[in-house]
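The sequence lines fix the lettering, A, B, ..., with proteins before strands; numbering per chain opens at 1. FYI, side chains are in, hydrogens and waters are out, and symmetry mates aren't considered; it's all heavy atoms of this structure.
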2 protein chains.
Amino acid sequence: MITKISRNQYLSAFLQYLSHYSSEESERLPSLIELSQELGISVASIREQLEVARIMGLIEVRPRTGIQKLPYNFTKTLMTSVFYALENDKSAFEQISDLRKHLESAYWQEAASKLTDSDVGKLHEIIADAFHKLHRKPPQIPHEEHKRFHLLMYQKLNNPFVTGLLEAYWQAYEAMGLDVYADLQYLEQVWAFHLKTVEAIARGDIESGYKSFADHIDLISRRKQPSRASSFE
Amino acid sequence: MITKISRNQYLSAFLQYLSHYSSEESERLPSLIELSQELGISVASIREQLEVARIMGLIEVRPRTGIQKLPYNFTKTLMTSVFYALENDKSAFEQISDLRKHLESAYWQEAASKLTDSDVGKLHEIIADAFHKLHRKPPQIPHEEHKRFHLLMYQKLNNPFVTGLLEAYWQAYEAMGLDVYADLQYLEQVWAFHLKTVEAIARGDIESGYKSFADHIDLISRRKQPSRASSFE
DNA sequence: ACATATGATTAATCTGATTATTCCGACAAT
DNA sequence: ATTGTCGGAATAATCAGATTAATCATATGT
């Protein structure tokens, strides 16, 4: 085979090979030894590039099963870099949080206007679940609901880069240990805003929905650091 | 040594080691063989993790010089993922471009208000350079100026995640071959907006500066695809 | 002072051996 | 039929070591 795939100077041979590999479902890539022969690179070198693809969430690798291509994923790449940054500078979370606030704010109206009735129904369910958890005795932190609520809000943008950033934010949020933060009064307010927001969306009033949302974001910036020291587990 | 560094389940042993390595300048990490002994992992395995750190722009590796730690860099990580995404779906650039527009818009006022007089001076210089290039015979595309202008605008945010995203956008822009796009009339308009924007900032009128900027962004979305087919080289 | 050659150091690449996982199918027990 | 258990095959995971190539510092020559 003389024809060479056009070189993309930024991608390794394996990543190029992978990007052009037919992603027919349940199909898997050749074994490492075959790949080595096909690409003309030793197994050891391929494994170095393989590790990058794995970290980036582009493949799943298992003995016996081999290498499987996954749909494009922006989140995993972000997570690795973000967790590295947080590892010796926890204050970087403030910057990530700031980015997330601006992103959500900038996209809110477009995202909200694209939500279907079914989406709005799901949002209402999530809110109900959250209040249910909050009013239990003893109360529980509706973190999973909070995350699902926000991610669902921006799902219809259908922009993997935007949603990847938002997902990475929540991963970092959990890694910082903030998902067990338990100021119940604050959480009551948060979910009251969420309810107002969704009700506005439901009656097609994007403008006042945005206002409720903006108040919520405001709330976030006014919140002080939790007293509980956070750590990776 | 019994004490183990606390496990961060998302980071490889090498990335953890690297993140905690004193980043005294000009200092370099132990050689691969020494690292292998220190971490209790074979050289081949360390090299797999090393490759990830290299792709992420966290280290620089050369024979004889060895491994050097670099300051944290978000851009490189983004670029790898973005270029992979673009490799078999050029239309993803629209989504990246959309993300960039929203980000710049959301941060504009904060970024502009943090600019110093010196920054404004540099922006004026860039604008002058750009017009100089545009009015040459034959005219040149002031792409480098365009990129520097926008990145400088957001520099004072001091948020590596935001600036990383913006830098990655420009890298993608160039990779798509758009930096040679030559609608001179369009470019004249662009730089006229830039000039109005900076003049507003210079007299402290952030509000009308934002308006000029918003008009510029508007211009971008109205622009049609360039006829020239783009490709990686 | 400058260019050039030499040597030492380290990463880069490759090969091959061994080990560990995972999956699949066969067979048995319920 | 369903479930569970075991064994074997396929493949990645890990490792060790040899060889090659790149880079830098130093010495040497003009």
Global bending angle along the helix from C/dA1-D/dT30 to C/dT30-D/dA1, which compares the axes of five pairs at either end, to 10 degrees: 20°

Donor + acceptor pair across side chains of B/S81, A/Y72 (<3.5 Å): yes

Backbone of A/S91 reached by a side-chain donor or acceptor of A/E94 within 3.5 Å: no

Minimum-distance pair of heavy atoms, taken over all atoms of A/M153 and A/A112: CE-CB, 4.3 Å

B/R54 and B/E51 ion-paired at < 4.0 Å: yes

A/F74: ring pair (Phe, Tyr, Trp, His ring centres under 6.0 Å) partners, not counting sequence neighbours: A/F161

Expected output: side-chain A/Q68 to main-chain A/R62 donor-acceptor under 3.5 Å: no

Donor-acceptor pair, side chain of A/K76 and main chain of A/L58, under 3.5 angstrom: no

Between P of D/dC24 and CD of B/Q68, the distance in whole Å: 10 Å

Separation of atom CD in B/E60 from atom C1' in D/dC24, rounded to whole Å: 14 Å

Reading 5' to 3' through nucleotides 8-14 of chain D, protein heavy-atom contacts under 4.0 Å coded B for base, S for sugar-phosphate only, - for none: BBBBSBB

A/I46 CD1 to C/dT15 P, straight-line distance once rounded to whole Å: 11 Å

Donor-acceptor contact present, side-chain A/Y21 to main-chain A/R28, <3.5 Å: yes

